[in-house]
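Keep in mind that the numbers below use all heavy atoms, side chains included, and drop hydrogens, waters and symmetry copies. Given the structure is predicted, the values throughout are model-derived calculations rather than measurements. In listed order, ligands and their atoms are each counted from 1.
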Amino acid sequence: MDNRPIGVFDSGLGGLTTVKQLMSVMPNEDIVYFGDTGRVPYGNRSRETIIRYTRDDINFLLKHNIKMIIAACGTASSVALPYINDVGVRIIGVLEPACQAAVNRTRNGKIGVIGTAGTIKSDKYAQIISEIDPAAKVYSAACPMFVPIVENGYANTEVARIVARDYLTGLKNEGVDTLILGCTHYPLLEGVISDIMGDGVELISSGREAAESARKLMADEGLLTGSALEGRRQFFVSDSTESFAQLGGLFLGSEIELSVHQTMI
Ligand code: DGL
């Protein structure tokens with residue numbers, strides 16, 4: 001039993017989609033969230049910069065007596081985590097659980113992966129999938145416009161549909177039957193993506209899989225809280241807290257009171 005909080009970080013507020021899943025599978029856990037809103041986006045930055053920012057995010061969380069860290073950011077998970085050495089607590093990213101789920105659920109062995117430019121360039125999803133199942137075929141597509149489309153409120157519009165058709169037609173033509181949504185923002189585009197890919201294609205949300213996998217891991221390692229109360233959630237951002245109210249609600253569902261702090265890192 002371990003009553004310390006779980007640390008979660010992301011390049012910005014998109015990681016709240018993972019927090020939402022964590023709150024659903026482990027409602028009693030305390031969470032400390034850090035969103036690097038002053039330096040978002042990470043998705044189109046160089047590997048060196050993403051690694052440096054990710055180290056800063058981790059160091060911030062380590063000051064909060066956390067028991068483990070979840071990198072909610074698809075880009076940080078794929079580009080930076082392979083270069084981060086032991087920091088004293090366990091760090092899990094969003095890739096492995098989604099890859100395992102995709103391998104388990106595909107029927108024809110053709111798996112699609114979408115993410116930011118950095119995530120797709122790293123090729124990490126394809127590497128992990130081929131380690132789990134060398135026979136699986138992976139088809140990837142970078143979807144850099146999806147993040148601004150979501151953040152500017154265009155998720156359920158014709159604009160999103162046109163851009164998504166352009167990004168996804170290649171994957172659809174390859175016949176993938178399983179598609180990993182490898183970025184924090186993509187769950188908000190699930191409807192549009194599913195319309196284009198068709199009913200036969202199963203969408204896998206990396207945040208949802210990561211939350212479930214974190215719960216299992218914590219249960220196995222005796223890291224679950226002993227508290228029966230609803231968990232306390234603290235949110236920190238590196239830019240002004242104003243946009244948190246609007247965007248935070250979008251990603252998290254606005255049903256809870258948020259306590260948000262601005263911080264320097
Ligand atoms: N959080 C990022 C990810 O999941 C998307 C936003 C960004 O590019 O920083 O890859």
Side-chain angles (χ1 to χ4, degrees), residues 7-22 33-58 60-61 69-84 91-99 112-126 128 140-155 160 163-164 167 179-190 193 203-211 235-239 243-244 247-248 250-252 265:
V8 182
F9 74 89
D10 178 46
S11 55
L13 301 181
L16 295 174
T17 52
T18 300
V19 171
K20 184 177 173 185
Q21 301 298 332
L22 287 168
Y33 180 87
F34 176 66
D36 194 6
T37 52
R39 302 191 295 194
V40 68
Y42 286 9
N44 50 9
R45 296 191 192 276
S46 69
R47 186 171 71 187
E48 291 67 30
T49 301
I50 297 168
I51 294 172
R52 183 157 52 85
Y53 288 0
T54 299
R55 283 193 209 287
D56 292 342
D57 303 340
I58 290 169
F60 175 82
L61 288 175
I69 293 178
I70 300 177
C73 181
T75 307
S77 295
S78 44
V79 179
L81 284 196
Y83 298 91
I84 307 281
I91 306 182
I92 65 166
V94 284
L95 272 64
E96 284 80 2
C99 292
V113 180
I114 54 175
T116 64
T119 294
I120 298 307
K121 192 167 155 224
S122 78
D123 209 31
K124 208 66 199 147
Y125 272 104
I128 295 170
S140 306
C143 304
M145 293 279 287
F146 278 178
V147 166
I149 282 176
V150 169
E151 295 203 349
N152 289 287
Y154 284 84
V163 173
Y167 285 149
L179 178 63
I180 298 178
L181 309 181
C183 171
T184 47
H185 290 55
Y186 298 178
L188 282 94
L189 291 164
E190 239 175 39
I193 294 171
L203 305 186
I204 303 217
S205 150
S206 359
R208 195 180 308 136
E209 300 302 329
F235 299 90
F236 295 88
V237 288
S238 53
D239 196 4
S243 62
F244 197 99
L247 273 183
L250 187 70
F251 291 116
L252 194 58
I265 53 166

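With a 4.0 Å cut-off on non-hydrogen atoms, Asp10 touches ligand 1 through its side chain and not its backbone. Under 4.0 Å from ligand 1, heavy atoms of Thr75 appear from its side chain as well as its backbone.
Of the protein's non-hydrogen atoms, the one nearest atom 6 (C) of ligand 1 is Ser11 OG, 3.6 Å.
Using bins of under 30°, 30° to 60° and over 60° for the plane-to-plane angle, the ring pair Phe251/His185 lands in the perpendicular bin. Relative ring orientation between Phe146 and Tyr186 is described as perpendicular, the plane-to-plane angle rising above 60° on a 0-90° scale split at 30° and 60°.
The closest approach between any non-hydrogen atom of Gly115 and ligand 1 is not below 4.0 Å.
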Audit row: Tyr53, Tyr42, ring pair (Phe, Tyr, Trp, His ring centres under 6.0 Å) steps and yes/no: CA-CA 8 Å; Tyr53 288 0; Tyr42 286 9; 5.3 Å; yes
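Remark: ligand 1 atoms within the under-4.0 Å shell around heavy atoms of Gly74 are 3 (C), 4 (O), 10 (O). Close approach of ligand 1 to Val40 is summarised as follows: ligand atoms under 4.0 Å from at least one heavy atom of the residue are 9 (O). Listed by number with element, the atoms of ligand 1 under 4.0 angstrom from any heavy atom of Gly43 are 7 (C), 8 (O), 9 (O).
In this structure, the separation between OG1 on Thr54 and CG on Leu81 is 6.5 Å, given to the nearest 0.5 Å.
When all heavy atoms are compared, the tightest approach of Val19 to Val8 is CG2-CG1, 4.2 Å. When every heavy atom of Ala155 is checked against every heavy atom of Ala160, the shortest pair comes out as O-CB, 3.4 Å.
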